[in-house]
**Q** 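The structure under discussion is supplied below as structure tokens; questions concerning it will follow.
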Amino acid sequence: QILLLLRDLQREFEMGLLLITHDLGIVARIADHVAVMYAGQIVETGSASALFGRPLHPYTQGLLACVPVPGKTPRGVPLGSILGIVPSLVGDLSGCSFRARCGFAMPECARDPAFVTLEERRGYRCLLPQ
């Protein structure tokens, strides 16, 4: 009910709404544009449909693999998970903060990846080509 009220207020007053959540179901229902963060850094941005339809960053891919899909995910089947633990945010972080948990990590990930812009409002922070 609160989310519906926020959406109605947003439309009525023609205002932006910034939601910070771990609930991808809410993101899928409410958001027009999404920014995925990992360890305090934006790792992917895009429209909700683009991000859910074709996630570019390995962390976003891992998050979406953890979400059951109504009508497609059989009952009782274990959901996906992201191995490892979130890095400590104390001190200086260098390189890709997701590399210790990433199945695609390579030595080059020890340097800070640039944010790659593919089109207006769509991009990701990773060395993997798309």
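Quick note: numbers below take in every heavy atom, side chains included, and nothing from hydrogens, waters or symmetry partners.
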**Q** Take Leu9 and Leu5 through the test side chain to side chain contact (heavy atoms under 4.5 Å, CB included) and record every step on the way to the result.
**A** CA-CA 6 Å; Leu9 289 170; Leu5 176 61; 4.1 Å; yes

**Q** Identify, with sequence neighbours excluded, every residue that meets side-chain hydrogen bond (donor to acceptor under 3.5 Å, both in side chains) alongside Thr45.
**A** none

**Q** Quick one: CG on Leu118 to CD on Glu44, what's the gap to the nearest 0.5 Å?
**A** 9.0 Å

**Q** So, taking the atom named CD in Gln10 and the one named CD1 in Ile30, what distance separates them when rounded to the nearest 0.5 Å?
**A**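 One finds 8.5 Å between CD of Gln10 and CD1 of Ile30.
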
**Q** Can you confirm whether more than 12 heavy atoms, excluding those of Arg121, are under 6.0 Å from its CZ atom?
**A**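 No, not enclosed.
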
**Q** Side-chain contact test, heavy atoms from C-beta onward, threshold under 4.5 Å: evaluate it for Leu3 versus Leu19 and give yes or no.
**A** yes

**Q** What's the shortest heavy-atom distance between Cys66 and Leu79, and which atoms?
**A**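 What the structure gives for the nearest pair is O-CD1, 3.5 Å.
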
**Q** Report, as yes or no, whether the 6.0 Å neighbourhood of atom CG on Asp32 holds more than 12 heavy atoms from other residues, nucleotides or ligands.
**A**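 Counting neighbours around CG of Asp32, 12 or fewer heavy atoms of other residues, nucleotides or ligands fall under 6.0 Å, so no.
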
**Q** Atom CD of Glu12 and atom CZ of Arg7: how far apart are they, to the nearest 0.5 Å?
**A** 13.0 Å

**Q** Hey, quick one: are Val43 and Phe98 part of the same hydrophobic cluster, counting side-chain heavy atoms closer than 4.5 Å, chains of contacts allowed?
**A** yes

**Q** Heavy atoms, side chains only, cut-off 4.5 Å: are His33 and Leu51 in contact?
**A**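 No, side chains not in contact.
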
**Q** Is there a side-chain contact between Val116 and Cys126 (heavy atoms, below 4.5 Å)?
**A** no

**Q** Does Val36 reach the side chain of Tyr59, with side-chain heavy atoms less than 4.5 Å apart?
**A** yes

**Q** Going by heavy atoms in the side chains, are Thr60 and Val34 under 4.5 Å from each other?
**A**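 No; the side chains remain at least 4.5 Å from each other.
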
**Q** Kindly compute the distance separating CZ (Arg29) from CG (Leu24), expressed to the nearest 0.5 Å.
**A** 11.0 Å

**Q** In this structure, would Tyr124 and Ile82 fall into the same cluster of hydrophobic residues linked by side-chain contacts under 4.5 Å?
**A** no

**Q** With heavy-atom distances below 4.5 Å as the criterion, would you say the side chains of Leu127 and Arg111 are in contact?
**A** yes

**Q** State the SG-CD distance between Cys96 and Gln41, to the nearest 0.5 angstrom.
**A** 8.0 Å

**Q** With the 4.5 Å side-chain cut-off for hydrophobic clustering, are Leu93 and Phe115 part of the same group?
**A** no

**Q** When you look at Met37 and Ile20, which way does the side chain to side chain contact (heavy atoms under 4.5 Å, CB included) test go after all the steps?
**A** CA-CA 10 Å; Met37 294 184 73; Ile20 301 172; over 6 Å; no

**Q** What heavy-atom pair brings Ser97 and Ala39 nearest, and what distance separates the two atoms?
**A** OG-CB, 3.7 Å

**Q** Holding to side-chain hydrogen bond (donor to acceptor under 3.5 Å, both in side chains), I want the full list of residues that pass it with Arg101, two or more places apart in sequence or in another chain.
**A** Tyr38

**Q** Is it the case that one hydrophobic cluster holds both Leu56 and Phe52, taking links as side-chain heavy atoms less than 4.5 Å apart, direct or via other members?
**A** no

**Q** So, the side chain of Arg125 versus the backbone of Ile42: is there a donor-acceptor pair under 3.5 Å, distance only?
**A**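 Present.
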
